[in-house]
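By convention in this document, chain letters (A, B, ...) are assigned in the order of the sequence lines, proteins followed by strands, and residues within each chain are numbered from 1.
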There are 2 protein chains.
Amino acid sequence: MVRTKDPVVRTLLIERAAQMLRTREPVTLRAIVAGTGVSTMAVYTYFGGMDGLWQATRQEGFTRLAAKLKAAPQTADPVRDLAALGAAYLSNALANPDLYRVMFDAGFELGDPAAADETLHCLVRDIDRAKAIGRFRRDVDSLALATQSWAIGHGLVSLVSTGPLPRQALDHGAPMLTALFTSCGDDPDTCRRSVELGWHPEPGRETAPVDQPPPANT
Amino acid sequence: MVRTKDPVVRTLLIERAAQMLRTREPVTLRAIVAGTGVSTMAVYTYFGGMDGLWQATRQEGFTRLAAKLKAAPQTADPVRDLAALGAAYLSNALANPDLYRVMFDAGFELGDPAAADETLHCLVRDIDRAKAIGRFRRDVDSLALATQSWAIGHGLVSLVSTGPLPRQALDHGAPMLTALFTSCGDDPDTCRRSVELGWHPEPGRETAPVDQPPPANT
DNA sequence: TGCCTGAACATAGCATCGCTATGTATTGTG
DNA sequence: CACAATACATAGCGATGCTATGTTCAGGCA
């Protein structure tokens with residue numbers, strides 16, 4: 001029994017909520033605290049209620065996404081790196097589909113809005129690099145292009161993860177990004193090759209970077 | 001009190017659920033039947049439970065979308081018409097944001113999958129027209145391009161309607177569609193003009209085709 | 001040392017949720 | 001006109017999120 005308000009209990013509850021989200025169990029107050037040894041009151045002292053828990057879970061989703069994007073490879077080809085960011089985005093969303101859904105569910109505000117901005121900044125940085133080396137025109141609005149790339153990734157993964165499209169539809173990402181980047185001034189063939197390189201993770205690295213085991217035994 | 005299993009009660013319940021969705025009230029069984037004079041059992045005799053009601057509501061969302069897309073103007077310029085379909089898609093989603101969210105929420109299957117396919121078919125038809133008149137290359141996969149256009153629209157409207165992006169971010173749709181269609185062989189400048197024409201509804205027609213009044217007084 | 005205050009937690013209970021078992025009224029049919 | 005079937009209302013069950021109240025322990029002070 002921990003006396004001081006330790007972050008141990010806090011992360012314990014968040015991870016338990018994420019786990020129940022992952023295993024498709026109904027995430028209820030009583031079910032969350034059932035296996036932890038703490039009482040229902042802990043959720044209220046730590047998060048102020050279920051909404052606070054959802055908000056914290058949402059934050060956790062953005063944190064994991066930021067970590068995934070930060071771990072994306074950085075090469076001399078910014079267009080390739082942009083495609084790699086897109087692939088990492090989709091990979092993260094598919095690895096944590098329920099966390100991803102919570103991230104973009106309405107009704108809850110984000111505790112720290114900087115987490116979402118940081119996501120966009122990763123894209124903006126590579127876009128600026130592409131402009132610097134002449135791949136993209138200098139009059140390209142970096143933030144706008146980053147937003148458009150985000151919309152492509154989000155649209156694809158939403159329609160696939162919890163929507164009507166099959167998983168194979170994610171392959172549309174490469175030609176879509178190629179079309180978008182080409183419209184920013186990149187040479188079509190060069191762009192296509194760069195995007196293909198970044199989009200498909202090279203064999204040898206982690207091809208299925210799931211940070212939690214699939215729910216096989218539960 | 002209707003004796004025979006009339007569709008009147010059925011649509012009454014669906015519209016009541018949609019209304020409560022729209023006004024952000026918590027959509028509960030008891031709240032739905034509160035003002036209608038029918039009992040909670042009606043939901044079970046008509047829909048088999050709340051899941052059935054959600055499914056029917058989802059179907060209603062697709063039906064409205066199909067109607068909106070069918071009402072989109074048809075001109076001699078198929079690329080313009082494609083952009084108009086995209087604009088109609090966004091317009092419908094913004095006019096019924098909660099219905100739209102239910103449409104793509106996981107956990108519920110669609111009663112009639114043809115409704116979703118019909119949506120895509122509207123796009124495919126105009127894409128085929130564009131191929132027929134030489135705007136798009138003949139080797140373009142119509143279904144793939146339709147899916148990609150759908151992903152763009154869905155991604156944009158998801159991030160705006162219930163997400164972190166401001167409404168103004170919808171303007172990204174035009175350059176994104178232009179980039180996509182240009183990659184299919186259309187001339188960049190011609191494509192941009194066509195998309196602009198279809199994207200922005202001409203003044204004089206209905207510019208805000210909301211089929212329900214905005215919740216101003218509630 | 002002994003007590004006292006306040007924070008951190010457990011316990012019990014409330015209003016409400018979705019859902020179902022049961023009762024009641026109406027319609028069609030012989 | 002009696003009977004079966006259907007459509008609906010009522011009451012209640014288990015479970016939910018949440019809160020009011022009780023209980024335990026850390027740490028300051030005489």
Side-chain angles (χ1 to χ4, degrees), chain A residues 1-60 98 101-102 105-109 111 218, chain B residues 1-60 98-99 101-102 105-109 111:
Chain A
M1 199 184 317
V2 188
R3 271 295 109 197
T4 67
K5 205 169 174 180
D6 264 338
V8 174
V9 179
R10 191 186 144 86
T11 60
L12 172 75
L13 290 176
I14 290 182
E15 290 189 353
R16 177 114 177 94
Q19 172 198 342
M20 305 188 65
L21 228 36
R22 195 183 323 136
T23 54
R24 298 271 176 204
E25 308 171 53
V27 185
T28 68
L29 216 202
R30 290 172 171 80
I32 287 178
V33 302
T36 64
V38 304
S39 79
T40 62
M41 271 307 293
V43 174
Y44 290 87
T45 55
Y46 281 100
F47 305 102
M50 286 298 282
D51 279 13
L53 217 201
W54 287 119
Q55 181 175 321
T57 307
R58 211 155 90 111
Q59 192 87 39
E60 174 70 16
D98 303 284
R101 189 142 64 96
V102 174
D105 250 7
F108 308 107
E109 290 306 313
T218 44
Chain B
M1 198 183 320
V2 188
R3 269 298 108 198
T4 67
K5 201 170 175 178
D6 264 338
V8 173
V9 179
R10 192 187 142 86
T11 60
L12 172 75
L13 291 176
I14 290 182
E15 289 190 354
R16 176 116 177 94
Q19 171 198 342
M20 306 187 64
L21 228 35
R22 195 184 322 136
T23 54
R24 299 269 175 206
E25 308 171 54
V27 186
T28 68
L29 216 203
R30 290 172 170 84
I32 287 177
V33 302
T36 64
V38 304
S39 79
T40 61
M41 270 307 293
V43 174
Y44 289 87
T45 55
Y46 280 101
F47 306 101
M50 285 299 282
D51 277 14
L53 216 202
W54 287 119
Q55 182 175 321
T57 307
R58 211 154 91 113
Q59 193 87 38
E60 174 70 15
D98 302 284
L99 259 185
R101 189 143 64 96
V102 174
D105 250 8
F108 308 107
E109 290 306 314

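- Closest to the side chain of A:Met41, out of C:dG18, C:dA12, C:dA10, is C:dA10.
- Here the straight-line distance linking atom CD1 of B:Ile14 with atom CZ of B:Arg16 works out to 14.0 Å at 0.5 Å rounding.
- Nucleic acid contact for B:Gly48: none, since no nucleic acid atom lies under 4.0 Å from a heavy atom of the residue.
- To the nearest 0.5 angstrom, A:Thr11 atom OG1 is 9.0 Å from A:Glu60 atom CD.
- Between the C1' atom of D:dA7 and the CG atom of B:Leu13 lies a distance of 14 Å, rounded to the nearest Å.
- Atom CE in A:Met50 sits about 7 Å away from atom P in D:dC18, given to the nearest Å.
- Along DNA chain C, the nucleotide closest to A:Arg30 and the one closest to A:Val38 are compared, and the more 5′ of them pairs with A:Val38.
- Taking CH2 of A:Trp54 as the start and CD of A:Gln59 as the end, the distance is 15.5 Å to the nearest 0.5 Å.
- Note on B:Val43: nothing from the nucleic acid sits closer than 4.0 angstrom, heavy atoms only.
- The CG atom of A:Asp98 sits 8.5 Å away from atom CZ of A:Arg22, with the distance rounded to the nearest 0.5 Å.
- Between A:Thr28 and D:dT16, a side-chain N or O to OP1/OP2 separation shorter than 4.0 Å is present.
- Looking at the side chain of B:Ser39, the nearest of the listed nucleotides C:dC9, D:dC8, C:dG18 is D:dC8.
- In this structure, the CG atom of B:Leu29 is 12 Å from the C1' atom of C:dT20, given to the nearest Å.
- Neither OP1 nor OP2 of D:dA7 sits under 4.0 Å from any side-chain N or O of B:Tyr44.
- Atom CD1 in B:Ile32 sits roughly 14 Å away from atom C1' in C:dC19 (whole-Å rounding).
- When rounded to the nearest whole Å, the span between CG of B:Asp51 and C1' of C:dT20 equals 16 Å.
- Atom CG of B:Leu53 is separated from atom P of C:dC19 by 10 Å (rounded to the nearest Å).
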